[in-house]
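What follows is a short report on a single structure.
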Number of protein chains: 4
Amino acid sequence: MRSDSQAAGQKPRSFIEDARRAQIVTSAVETLAEHGYAGTSLARIATRVGISKGVISYHFAGKDELIEQLVEQIYGRISAFVAPEVKREQTVVRRLAARFRALANYASTHRAEMVALTEIFNNLRDSNGQLRYGDGYNEDLYQQLEEEFRAGQATGELRSFDTRVMAVTAQAAIDAMIAYSDTNPDHDIGAHASELALLFEHAIKAPTTAPPQET
Amino acid sequence: MRSDSQAAGQKPRSFIEDARRAQIVTSAVETLAEHGYAGTSLARIATRVGISKGVISYHFAGKDELIEQLVEQIYGRISAFVAPEVKREQTVVRRLAARFRALANYASTHRAEMVALTEIFNNLRDSNGQLRYGDGYNEDLYQQLEEEFRAGQATGELRSFDTRVMAVTAQAAIDAMIAYSDTNPDHDIGAHASELALLFEHAIKAPTTAPPQET
Amino acid sequence: MRSDSQAAGQKPRSFIEDARRAQIVTSAVETLAEHGYAGTSLARIATRVGISKGVISYHFAGKDELIEQLVEQIYGRISAFVAPEVKREQTVVRRLAARFRALANYASTHRAEMVALTEIFNNLRDSNGQLRYGDGYNEDLYQQLEEEFRAGQATGELRSFDTRVMAVTAQAAIDAMIAYSDTNPDHDIGAHASELALLFEHAIKAPTTAPPQET
Amino acid sequence: MRSDSQAAGQKPRSFIEDARRAQIVTSAVETLAEHGYAGTSLARIATRVGISKGVISYHFAGKDELIEQLVEQIYGRISAFVAPEVKREQTVVRRLAARFRALANYASTHRAEMVALTEIFNNLRDSNGQLRYGDGYNEDLYQQLEEEFRAGQATGELRSFDTRVMAVTAQAAIDAMIAYSDTNPDHDIGAHASELALLFEHAIKAPTTAPPQET
DNA sequence: TATGAATGAGCCTTCATTCAT
DNA sequence: CATGAATGAAGGCTCATTCAT
């Protein structure tokens with residue numbers, strides 16, 4: 001959460017510089033959300049801010065750097081929002097539920113950011129044609145989730161299952177929740193998150209032989 | 001499953017015509033899988049077949065028709081492959097497992113097709129900027145799944161839950177399985193499908209305590 | 001008016017050959033009238049006849065030859081229709097009137113031909129970029145008219161004036177009549193022709209000093 | 001006759017912008033005159049100025065806007081040149097003569113402009129295939145001329161005739177004069193204009209039976 | 001004779017990028 | 001810092017023409 005991407009020994013950015021960059025990133029987010037990846041040209045981003053195309057090239061090395069900045073910033077904000085919510089809970093099941101809930105909250109109040117992020121993840125490629133955010137970025141999330149699951153399995157809270165498949169599926173459930181509520185604005189994403197919590201509770205909890213439930 | 005999109009009263013397509021069209025569609029699939037949506041130009045598709053750009057325009061009304069043909073064909077093939085596998089099973093849980101299994105099988109042997117389809121679904125937009133296959137296509141799948149779930153709930157095989165959320169999540173689980181195994185070629189997608197089957201069995205089956213139901 | 005453009009020593013064209021050529025020329029005329037010069041492609045001409053593009057190339061050396069055939073044929077028909085009407089009259093003034101009348105008649109019953117001809121005259125160019133029918137074709141008409149005028153001036157029927165300017169203007173009056181009635185289908189082209197006759201009668205007749213008029 | 005087409009509240013165009021636009025319009029005029037409508041591509045226009053194709057797209061929304069600008073500008077210049085010459089005269093006959101003379105002058109010094117305008121009028125079509133400047137533009141001229149004629153008829157200066165036919169013919173005479181002198185550069189267009197003046201004087205003036213008159 | 005198939009050039013447009021001012 | 005101007009490549013598409021069958 002500090003001075004995003006500023007190689008050491010670099011001259012620090014001025015205030016106005018930072019303001020412009022933020023302004024441009026915001027415009028890029030909105031443009032991506034509205035027109036999709038292919039429909040997002042520098043011209044469109046610039047027009048939305050009311051500046052000339054050249055300004056963007058001036059502040060960013062190129063379209064790619066702009067987008068990378070965007071991803072870093074949004075990603076940072078989401079983590080900052082979700083992490084404390086998760087940490088506060090005591091069991092794996094509840095932590096997972098908290099994750100669903102927090103992301104649903106964030107997504108419902110930052111729709112454009114989520115859409116923009118998805119567009120980029122699905123489309124941005126490096127010069128070799130490989131997806132820029134193909135796997136590495138999800139890998140982080142997968143490992144966090146797997147760690148949780150393994151811990152829960154160790155304590156006996158959770159049944160035995162393939163943690164990687166579960167992580168992939170849980171993350172997919174989150175992404176789908178966000179995408180679905182994005183194309184169906186009337187959808188109750190909060191309820192969706194609760195349902196997911198219950199779904200995965202059933203899916204991962206160890207069967208309680210004798211005594212009843214707690215939840 | 002025959003005569004894909006051939007308006008009645010239309011002159012039937014010649015053998016060579018069909019061959020070329022198929023060849024071009026195949027090339028489009030591969031190009032999409034390899035270079036992504038934005039990287040798929042008529043020029044690239046043509047080069048891969050070793051023909052000139054104009055040939056594509058000759059056989060298809062335009063890029064749009066080519067892509068729609070592609071979607072129809074692939075979609076048809078997948079349905080044709082999956083449907084009988086699913087129908088053969090007797091319980092909802094087993095039918096869902098069969099669906100996971102069949103799709104995993106298909107995906108593992110038709111990787112490019114799955115990727116191409118995803119690229120198109122995520123990116124193709126109509127002239128108003130709306131996603132061409134935004135929701136309608138998934139809606140079909142969702143309704144099939146919901147019907148299953150509701151039937152299972154009616155017979156008491158399944159517990160009570162929000163069928164829409166479950167459908168969205170199940171479909172997302174499938175997509176994620178395919179996408180994951182696509183970026184991780186060593187991944188055992190068959191095992192993944194089995195895990196999913198188990199995961200959702202836990203998630204949807206009515207608890208078999210002793211006697212009837214609760215919830 | 002014989003076997004249009006068939007170089008000596010050429011194999012005579014078969015019946016079917018001629019039929020096809022006529023059919024194609026007709027289609028070209030209609031297409032030109034309907035879509036204009038730029039909108040007239042071989043594909044469109046072929047489609048209208050219900051044949052394939054290649055057929056045209058087979059019967060004509062190229063687009064240019066097709067169009068030249070078209071011009072020759074239409075031109076021939078017009079001459080064949082107009083000439084006898086003109087010849088029948090005894091004075092220059094009446095011959096000019098007859099010309100107006102005959103062309104108005106022809107144009108009103110062969111609208112498409114007139115439009116097609118205009119489109120070609122205005123647009124067809126040779127490989128050097130020069131208008132193919134820029135001047136030469138009108139030159140013929142001009143000389144016919146000038147001859148009339150000079151004869152009339154010699155007999156004293158007509159006043160003295162620049163015959164070339166008068167010829168150019170008379171021809172322009174005809175073309176404008178046709179063009180105007182083409183864009184204004186309700187226009188009474190017959191009346192228009194009569195008005196033109198009167199207009200030019202006033203413009204060219206020698207002033208009758210003593211005795212009254214005849215007309 | 002200022003600020004051609006510049007929507008209110010629009011940022012005014014810079015000096016260099018205006019210069020480029022003018023330069024491009026000029027090149028378009030020359031290209032049209034030289035190569036005709038079909039032979040006029042953005043590439044050719046750009047090459048003539050020595051710039052790249054993209055520059056045109058940068059300064060004009062598209063080919064259509066460029067052509068409309070061209071028409072507006074040329075049309076404006078002609079009107080500005082002709083109108084005062086006509087207004088200065090006191091009788092209809094003299095005003096018509098002045099019109100011939102002024103247009104002949106303008107055409108002889110702005111040959112390319114006249115040709116370009118004709119090319120566009122004859123060929124530019126909207127997306128429905130209808131001629132863009134089919135009738136409306138001439139309609140203006142026709143009505144001006146008819147008004148003159150009717151006024152002259154009311155005062156008794158002119159004989160009785162169909163004003164519409166006379167207007168169409170007078171305009172056609174002008175266009176033909178321009179076109180003819182364009183393909184025959186040695187032609188004396190000034191003399192042509194004088195001849196036309198005389199021609200139409202004879203054609204429209206009321207017969208002077210008894211009293212004075214001048215001519 | 002006729003056809004369908006293919007070609008290759010050209011068209012207009014969009015775009016990321018560069019650069020002088 | 002910011003801009004407007006320009007570039008050049010690439011994109012989808014149309015078209016006259018060629019050719020094997």
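Atom set for the values below is all heavy atoms of this structure, side chains included, hydrogens, waters and symmetry mates excluded. The chains referred to below are lettered A, B, ... by the order of the sequence lines, with proteins before strands, and numbering in each begins at 1.
For the pair C/L66 CG and F/dC15 P, the computed distance is 15 Å after rounding to whole Å. Straight-line distance from the CD1 atom of C/I56 to the C1' atom of F/dC15: 12 Å, rounded to whole Å. As rounded to whole Å, 8 Å separates atom P of E/dA6 from atom CD of B/E17. Atom NE2 in C/H35 sits about 16 Å away from atom C1' in F/dC15, given to the nearest Å. Between A/I45 atom CD1 and E/dT17 atom C1' the separation is 14 Å, expressed in whole Å. A straight line from CG of C/D18 to P of E/dT1 spans 10 Å, rounded to a whole angstrom. Taking atom CZ of residue A/R21 and atom P of nucleotide F/dA2, one finds them 12 Å apart after rounding to whole Å. When the C1' atom of F/dA5 is taken as reference, atom CD of D/Q23 falls 13 Å away, rounded to whole Å.
In terms of the ring-ring contact (aromatic ring centres under 6.0 Å, His included) criterion, B/Y37 has no residue partners (sequence neighbours excluded).
With no hydrogens or angles considered, a side-chain donor-acceptor pair links D/N123 and C/N123 at under 3.5 Å.
Under the 4.0 Å criterion applied to side-chain N and carboxylate O atoms, C/E68 and C/R132 are assigned as salt-bridge partners. Comment: C/R125 engages D/E119 in a salt bridge, judged by a side-chain N to carboxylate O separation of less than 4.0 angstrom.
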Please produce a list of atom pairs where a protein N or O lies less than 3.5 Å from an N or O of nucleotides 7-11 of chain F.
residue	atom	partner	partner atom	Å
F/dT7	OP2	D/S52	N	3.1
F/dG11	OP1	B/S41	OG	3.1

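The nucleotide E/dA20 finds its pairing partner in F/dT3, both defining distances of the Watson-Crick or G-U wobble pair being shorter than 3.5 Å.
Distance CD/D/E30 to CD1/D/I45: 10.5 Å, rounded to 0.5 Å. Separating the CZ atom in A/R48 from the OG1 atom in A/T31 is a distance of 4.5 Å, to the nearest 0.5 Å. Rounding to the nearest 0.5 Å places NZ of B/K63 at 6.5 Å from OG1 of B/T40.
If A/S57 and D/S57 are placed on DNA chain E by their nearest nucleotide, the residue sitting closer to the 5' end is D/S57.
Taking only side-chain nitrogens and oxygens, A/H59 comes nearer than 4.0 Å to OP1 or OP2 of F/dA2.
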